[in-house]
Amino acid sequence: MSRPTNPPTSVPAVAGGHPSAAADRVDAVIVGAGLSGLYQLHRLRQLGLTAVAFEAGDDIGGTWYWNRYPGARCDIESTSYSYSFSPELDQEWEWSERYAAQPEILRYVHHVADRFGLREDVVLRTRVTRAVYDEHDHRWRLSTDTGRTVTARFVILTTGCMSVPKDPGIPGADSFTGAVHHTARWPREDVSFAGKRVAVIGTGCSGVQAVPVIAGEAASLTVFQRTPAYVLPARNRPLRAAERAALKAGYPEFRRAQRRSRGGTVFAPPTRSALEADEAERTAAYETAWDEGFLNGLLRTYTDILTDGKANETVAEFVRSKIRSIVTDPATAELLSPRTFPFATKRPCLGTGYYETYNLPHVALVDLRATPIERITPRGVRTSDGEHDLDVIVLATGFDALTGSQLAIDIVGKGGATLRERWAEGPRNHLGLVSAGFPNLFTVLGPLSPSVLTNITVSLEQQVEWITDCVGHLLGNGLTEIDATPSAEADWGTRVAELAARTLYPAVDSWYTGANVPGKPRVFLAYAGGLDRYREECDAAARDGYTGFVLASSTDGRSLPDPDPDPDPDPDRDPDRGPDPDRAPGADPGP
């Protein structure tokens with residue numbers, strides 16, 4: 001269905017402005033204007049709905065707007081980490097590198113927004129602070145930090161898996177007389193490290209990407225590490241013209257394969273246990289994967305890397321042997337070698353020259369487990385071993401992942417219950433999409449969905465399309481709302497926990513379990529059964545009349561547009577294929 005030219009409830013095109021209160025009644029509000037939010041806006045327009053997307057930043061882009069630190073780039077290949085909904089878009093966009101850097105990805109997002117005319121319904125510099133459900137009108141009332149209030153039938157949270165930076169909680173941060181930058185809130189203006197004494201606190205993926213770039217400019221660099229990461233080589237390089245042409249020619253089948261895949265990337269799955277191979281065979285397989293430069297390359301070698309501790313140790317020791325071969329100082333190499341958790345149970349990192357950086361004479365590594373930080377001082381960072389004088393401090397301390405961005409909003413559902421209260425002991429929802437008592441409030445890439453264990457561009461498209469089909473079903477059948485049932489919500493939480501328990505993930509303190517944020521409930525936050533199985537479960541629920549949900553009839557008398565009954569059917573969907581509860585969990589971590 002085409003979008004109405006001038007629908008009566010449309011919101012004027014603004015960027016942080018304040019249209020009249022009479023215009024602030026829309027069919028749907030989208031919170032966030034990154035990859036998920038923009039695609040959701042596009043799909044709701046195809047239903048003929050009026051929608052507005054609120055974005056806290058000065059521009060669209062989400063993750064790729066905020067994370068502009070030195071060395072920031074994707075760790076999924078550019079040709080995979082992109083939208084699949086438009087064959088024309090696939091053919092017209094040219095990626096320059098195997099792994100695109102942040103500026104190129106942001107240009108891609110801008111291109112998509114301009115190509116599909118999405119900017120006119122995005123309101124920038126506006127943060128949604130509160131959302132309250134009116135049970136009489138069956139509408140959400142949303143308040144913003146600009147004083148604007150909007151009501152909507154549907155609310156979709158596209159606030160990001162990792163968009164709330166974690167406070168490092170180091171005393172004295174305000175006393176430092178130099179510059180302090182967080183990787184997730186990097187300044188838009190250039191930051192120079194030339195001739196300066198720089199510290200990087202944190203060695204997760206952001207720190208791993210930033211360290212080599214900063215070391216190339218700074219007079220000295222001190223890296224403060226609490227837990228070393230498993231860092232794999234990216235083998236990044238420019239894409240050749242012939243290579244790009246071949247990729248474009250193969251895109252149609254590749255996109256279909258992505259949607260059928262376990263984690264949103266396409267590869268031949270392993271068939272053998274690591275323990276069935278002898279050491280020489282395993283080493284050869286690991287060497288090949290190491291040289292190929294894929295985030296999940298080592299996980300592709302054998303079936304049981306993430307499910308069997310002994311199998312996992314074979315690949316963990318392989319990575320440690322690589323570290324010893326690269327880092328010339330044995331003591332430093334040992335500090336950089338992970339030994340307290342299995343490989344890939346914390347997110348592995350793709351790096352370029354990361355371990356080699358520690359061979360440079362002006363780069364030092366501080367082990368925070370041996371000499372913890374006591375405080376930040378006016379001059380620098382003080383550990384139990386003494387003070388480090390600094391000019392710049394870079395915080396690469398991570399995020400309050402998966403739940404942080406939703407709980408940052410004061411969300412009040414039926415009976416005055418708040419989402420913060422309902423999630424006090426961990427997130428609760430059905431299919432990772434809707435929480436009981438919060439009707440017509442959907443989440444994309446939120447907790448208890450595949451999200452961070454997959455290539456998120458494939459995951460977000462699956463969820464956005466399911467949500468859009470659901471909204472179309474409601475409108476086409478004169479229904480007012482959809483809500484999850486408490487029993488389905490409880491069953492889904494049990495199912496997600498059981499799938500995770502088949503892996504090595506839950507036993508490890510990581511942001512996957514919320515352990516990086518003091519006081520956060522310890523729950524494995526993602527669906528570990530694979531994107532293909534998750535897609536089947538979501539499709540089956542919809543096909544069977546939205547099992548696990550309660551659908552209510554309209555009572556407010558408002559006439560909404562007739563939807564397109566199936567605006568973009570999935571050609572690969574098999575209506576007769578149901579979920580397979582016994583298949584082993586997926587092992588395909590992504591961004």
For residues 444-464, which residue pairs pass the ring-ring contact (aromatic ring centres under 6.0 Å, His included) check, not counting sequence neighbours? none
Which is it for T468 and Q46 under the side-chain hydrogen bond (donor to acceptor under 3.5 Å, both in side chains) test, yes or no, and what are the steps along the way? CA-CA 9 Å; T468 305; Q46 291 183 322; over 6 Å; no
Which residues satisfy the side chain to side chain contact (heavy atoms under 4.5 Å, CB included) test with A229, sequence neighbours excluded? V231, C349
Do T314 and Y286 have side-chain atoms, one donor and one acceptor, less than 3.5 Å apart? yes
Counting distance only, does the side-chain N/O of R244 pair as donor-acceptor with the main-chain N or O of L239 below 3.5 Å? yes
Got a second to check how far C470's SG is from Q463's CD, nearest 0.5 Å? 12.5 Å
Does T307 use its side chain to pair, donor to acceptor, with the backbone of T503 at less than 3.5 Å? no
Using a strict 4.0 Å threshold on nitrogen-to-oxygen distance, state whether R543 and D469 make a salt bridge. no
Quick one: side chain to side chain contact (heavy atoms under 4.5 Å, CB included) partners of D491, sequence neighbours excluded? none
Sequence neighbours excluded, the answer for side chain to side chain contact (heavy atoms under 4.5 Å, CB included) partners of S78 is W95, A100
Modelled atom types, side-chain donor and acceptor of Q91 and Y251, under 3.5 Å: no
Under 3.5 Å side-chain donor-acceptor pair for Y39 and E465: yes
Sequence neighbours excluded - salt bridge (Lys or Arg N to Asp or Glu O under 4.0 Å) pairs with any residue from residues 100-110: none
Pairs satisfying ring-ring contact (aromatic ring centres under 6.0 Å, His included), at least one member in residues 447-467, at least two apart: W466-Y546, W466-F549
In plain terms, say whether R535 and E461 are close enough for a salt bridge, that is, a side-chain N and a carboxylate O under 4.0 Å apart. no
ring-ring contact (aromatic ring centres under 6.0 Å, His included) against W186, all qualifying residues, sequence neighbours excluded: H181
Identify the heavy atoms of V444 and Q40 that sit nearest to each other, and give their distance. CG2-OE1, 4.3 Å
Does the distance from a Lys or Arg side-chain N to an Asp or Glu carboxylate O, for E253 and R256, drop under 4.0 Å? yes
Which residues satisfy the side chain to side chain contact (heavy atoms under 4.5 Å, CB included) test with P270, sequence neighbours excluded? F267, T303
Which heavy atom in C161 sits nearest to a heavy atom in L445, and how many Å separate them? SG-O, 3.5 Å
Residues that F438 engages under ring-ring contact (aromatic ring centres under 6.0 Å, His included), provided they are two or more places apart: none
Using a 3.5 Å distance criterion without hydrogens, assess whether the side chain of D400 forms a donor-acceptor pair with backbone atoms of V164. no
Side chain E489, main chain A484, donor-acceptor under 3.5 Å: no
Got a sec, which residues hit ring-ring contact (aromatic ring centres under 6.0 Å, His included) with Y527, two or more places apart in sequence or on another chain? W492, Y534
Examine distances only and state if a side-chain atom of W290 and a backbone atom of G297 form a donor-acceptor pair shorter than 3.5 Å. no
Check: F399 ring centroid to W511 ring centroid under 6.0 Å: no
Give a yes or no on this: more than 12 heavy atoms of other residues, nucleotides or ligands lie within 6.0 Å of atom CZ of R127. no
Within the distance-only criterion (no hydrogens, no angle test), does the side chain of N312 pair as donor or acceptor with the backbone N or O of F343 below 3.5 angstrom? yes
Would you please indicate if the ring centroids of F85 and F116 are separated by under 6.0 Å? yes
Residues in ring-ring contact (aromatic ring centres under 6.0 Å, His included) with F294, at least two apart? none
In terms of heavy-atom contacts, C205 and P348 come closest through SG-O, 3.5 Å
When you measure from the side chain of S261 to the backbone of R259, do you find a donor-acceptor pair of N or O atoms at a distance under 3.5 Å? no
Should R115 and E92 count as an ion pair when the cut-off is N to O under 4.0 Å? yes
Any donor-acceptor pair under 3.5 Å linking the side-chain atoms of S84 with those of Q258? no
Salt bridge E292-R235, side-chain N to carboxylate O under 4.0 Å: no
Distance-only side-chain donor-acceptor flag, D304 / S273, under 3.5 Å: yes
Between the side chain of E55 and the main-chain N/O of L124, is any donor-acceptor distance below 3.5 Å? no
For N236 and Y99, indicate whether the former's side chain and the latter's backbone hold a donor-acceptor pair under 3.5 Å. yes
Partners meeting salt bridge (charged side-chain N to carboxylate O under 4.0 Å, His left out) with R282 (sequence neighbours left out): none
